[in-house]
There are 2 protein chains.
Amino acid sequence: VVLAVSAASPDLAQEQPAGPPPTMASVLAAAKASDWRPLDLTRLLVVTIPSGQVTIELAPSFAPRHVKNALELVRARYFDGLAILRAQDNYVVQWGDPRAGEAEARSLGRAASKLEAELDRTSVDLALTPLPDGDVYAPEVGFSEGFPVGRDPSSRRAWLLHCYGMVGAGRDVASDSGSGAELYVVIGHAPRHLDRNVTLLGRVVAGIEHLSALPRGTGDLGFYEDEAQRTPLVSVRLASDLPPDQRPRLEALRTDTETFRSLIEARRFRREEWFLDPAGHVEVCNVPLPVRRME
Amino acid sequence: VVLAVSAASPDLAQEQPAGPPPTMASVLAAAKASDWRPLDLTRLLVVTIPSGQVTIELAPSFAPRHVKNALELVRARYFDGLAILRAQDNYVVQWGDPRAGEAEARSLGRAASKLEAELDRTSVDLALTPLPDGDVYAPEVGFSEGFPVGRDPSSRRAWLLHCYGMVGAGRDVASDSGSGAELYVVIGHAPRHLDRNVTLLGRVVAGIEHLSALPRGTGDLGFYEDEAQRTPLVSVRLASDLPPDQRPRLEALRTDTETFRSLIEARRFRREEWFLDPAGHVEVCNVPLPVRRME
């Protein structure tokens with residue numbers, strides 16, 4: 001029950017925290033060092049394209065087989081010299097071997113060419129920082145280990161969500177036809193209908209603007225019609241394999257902290273001076289996952 | 001009540017329509033000529049930048065004052081030679097006068113420099129094709145006159161939604177500080193917290209890839225730090241003012257038709273062969289608004 005109270009009510013005034021209501025800026029300014037976690041170099045990919053570097057945090061706890069296979073490919077330098085084949089507006093950018101499926105395709109070496117899709121996992125041992133405003137697609141949504149997650153309490157399953165910047169393993173019609181040799185990145189409005197249809201295995205934590213600003217392909221599904229339009233992959237490296245001075249030094253706000261819960265509230269109720277209506281709700285893909293350079 | 005029925009049940013088979021369940025492709029293939037409406041040239045803007053043309057359908061029934069003012073500016077060729085000042089990743093592209101607010105600012109001529117924000121309108125006389133899956137931000141959502149719309153049955157108000165491609169009038173902190181002289185286009189995940197905070201006045205119907213692929217600005221809010229990085233606005237014209245052979249000949253699927261309702265169903269239940277799980281829900285900004293060239 002919500003009661004109308006006078007702004008002068010002394011009881012109400014006592015219950016309110018001192019100072020202005022939090023904004024994202026004030027929440028981050030008040031964050032403690034322990035609210036941040038250094039990104040784990042053993043599951044961080046550095047994708048170099050001519051315009052810059054894109055850094056991807058992998059999610060082995062959601063897609064262990066795909067992460068293992070992708071790392072096998074990365075360490076064999078499978079991706080070096082391949083290309084971005086597709087940029088479909090308001091949807092995805094995708095890279096891989098332009099000759100995949102042909103006789104001239106590059107060898108996958110010891111990596112598997114097909115993997116059973118990893119669409120969800122048990123939620124029993126998964127801590128979730130929940131969002132309170134519901135979701136159109138999933139019974140429950142929130143954040144776990146820095147990733148946007150859906151959860152079904154009846155089946156006790158959890159899965160990664162197709163928010164902006166999430167990275168997935170392209171597949172053909174067969175559910176086991178993906179391997180991590182073709183990867184896509186969401187660069188538009190969250191295509192949540194893809195959730196639990198294709199394996200997500202990570203998310204971009206830095207440099208997505210190098211992908212989202214690529215010229216869109218003019219063929220079906222945004223494929224580039226002319227080979228010259230493709231963007232080459234200069235290299236894809238595991239961060240821990242890079243020389244120390246070339247490793248990204250990034251840290252992310254932990255999503256299991258009181259600070260992150262405050263950030264969610266600051267995004268639910270927008271208190272920045274510009275806002276006329278604070279909204280009062282937030283959709284899971286509109287909650288930012290703060291990442292910054294370590295000092 | 002949902003009953004489990006054998007696939008061999010003759011009664012059920014009789015009730016099912018012939019052929020496979022609809023997909024978006026099959027719905028569009030079956031659309032009648034009368035399901036499409038030619039876009040009204042008297043509220044269609046053609047924005048020319050060096051890489052191509054962007055076409056915008058204005059929404060005078062939602063933002064009459066801002067549309068009138070923007071058209072005043074367009075017809076006075078106010079925008080010609082101005083520039084895209086800002087491209088913020090996963091958010092907006094915005095154009096206007098780089099000298100706005102300074103002594104050297106371009107004159108707005110007979111147009112107003114400030115307008116009261118047009119945040120919502122009555123829903124009493126507004127037909128809505130509703131979506132059935134709920135929404136995180138609005139009590140009801142759907143489509144009206146080709147636009148994504150929110151509606152509140154208790155207040156009987158309706159408003160445009162910040163989906164991908166929607167066009168708004170930038171403003172400062174004061175609610176009446178926008179005029180249409182600065183316009184922004186959503187190029188990322190729908191920033192729905194902006195709904196009812198700022199005036200939306202139209203949407204891009206063609207050529208958004210010329211905006212979404214622009215290099216992101218590196219300053220605060222995605223502003224370009226170096227003047228040379230700005231993209232010039234070659235011209236902005238009302239389509240009906242163009243010579244007949246230069247007018248866009250586009251038509252949009254009417255959103256008040258049975259065909260559009262079928263398209264919504266085809267997007268709620270994804271029947272394309274690739275899908276493992278048809279999703280069964282759709283979020284308003286994931287429903288496409290089909291636009292095609294007229295024959």
Side-chain angles (χ1 to χ4, degrees), chain A residues 51 87-91 117 119-120 131 133-138 141 163-165 171-175 186-198 208-218 222 267-270 272-286 288, chain B residues 51 87-91 117 119-120 131 133-138 141 163-165 171-175 186-198 208-218 222 267-270 272-286 288:
Chain A
S51 58
Q88 184 171 0
D89 196 59
N90 192 23
Y91 200 47
L119 304 178
D120 59 10
L131 283 179
D133 297 315
D135 184 74
V136 169
Y137 293 92
V141 291
C163 292
Y164 191 87
R171 68 162 174 86
D172 295 328
V173 168
S175 65
V186 174
I187 57 154
H189 186 75
R192 295 282 310 282
H193 47 281
L194 299 182
D195 293 354
R196 285 192 287 183
N197 274 296
V198 58
I208 194 168
E209 67 278 12
H210 300 300
L211 300 177
S212 54
L214 288 174
R216 288 4 180 193
T218 49
R267 286 279 132 166
R268 295 181 69 221
F269 292 90
R270 299 296 296 250
E272 292 88 354
E273 190 186 5
W274 183 88
F275 281 83
L276 306 170
D277 175 340
H281 301 85
V282 75
E283 196 253 303
V284 60
C285 295
N286 271 326
Chain B
S51 58
Q88 184 171 1
D89 197 60
N90 193 22
Y91 200 46
L119 304 178
D120 59 10
L131 283 178
D133 297 315
D135 184 75
V136 169
Y137 294 90
V141 290
C163 294
Y164 191 88
R171 67 162 174 85
D172 294 328
V173 168
S175 65
V186 174
I187 57 154
H189 186 74
R192 295 282 311 280
H193 46 280
L194 300 182
D195 294 353
R196 287 191 285 183
N197 274 296
V198 58
I208 193 167
E209 67 277 11
H210 300 300
L211 300 176
S212 54
L214 288 173
R216 291 359 183 195
T218 49
R267 286 279 133 166
R268 295 182 69 222
F269 292 90
R270 299 295 295 251
E272 292 88 353
E273 191 186 5
W274 184 87
F275 280 83
L276 305 170
D277 175 341
H281 301 84
V282 74
E283 196 252 305
V284 61
C285 296
N286 271 326

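Quick caveat: nothing in here was measured; it's all calculated off a predicted structure.
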Shortest non-hydrogen separation from Pro215(A) to Ala213(B) and the atoms involved | CA-CB, 4.1 Å

Option in Val198(A), Asn286(A), Leu194(A) with maximal non-hydrogen atom pairs under 4.5 Å from chain B = Asn286(A)

Rounded to the nearest 0.5 Å, what's the gap from NE2 on His193(B) to CZ on Arg267(A)? Could you check?
-> 6.0 Å

What residue in Asp89(A), Asp277(A), Asn90(A) has the most heavy-atom pairs under 4.5 Å with chain B?
-> Asn90(A)

Out of Val173(B), Asn197(B), Leu276(B), Val284(B), which one racks up the most heavy-atom pairs below 4.5 Å with chain A?
-> Asn197(B)

Checking Leu131(A) against chain B: side chain, backbone, both or neither under 4.5 Å from a heavy atom?
-> neither

Which portion of Arg171(A) sits near chain B, non-hydrogen atoms under 4.5 angstrom = both

Measuring heavy-atom distances to chain B, does Asp135(A) have an atom under 4.5 Å in its side chain, in its backbone, in both, or in neither?
-> backbone

When only pairs under 4.5 Å are counted, which of Gly280(A), Ser212(A), Pro278(A), Ala87(A) shares the most heavy-atom pairs with chain B?
-> Ser212(A)

Distance col, row His281(A):NE2 vs Asp195(B):CG, nearest 0.5 angstrom, shows 12.0 Å

For Ala190(B) and His189(A), work out which heavy atoms get closest and say how close.
-> N-ND1, 3.1 Å

Where on Val282(B) is there a heavy atom nearer than 4.5 Å to chain A: the side chain, the backbone, both, or neither?
-> both

Could you give the distance from CD (Glu283(A)) to CD (Glu283(B)), rounded to the nearest 0.5 Å?
-> 5.5 Å

Pick one of side chain, backbone, both or neither for Tyr164(A), based on which atoms fall under 4.5 Å of a heavy atom in chain B.
-> side chain

Separation between CH2 (Trp274(B)) and OG (Ser175(A)), nearest 0.5 Å, reads 10.5 Å

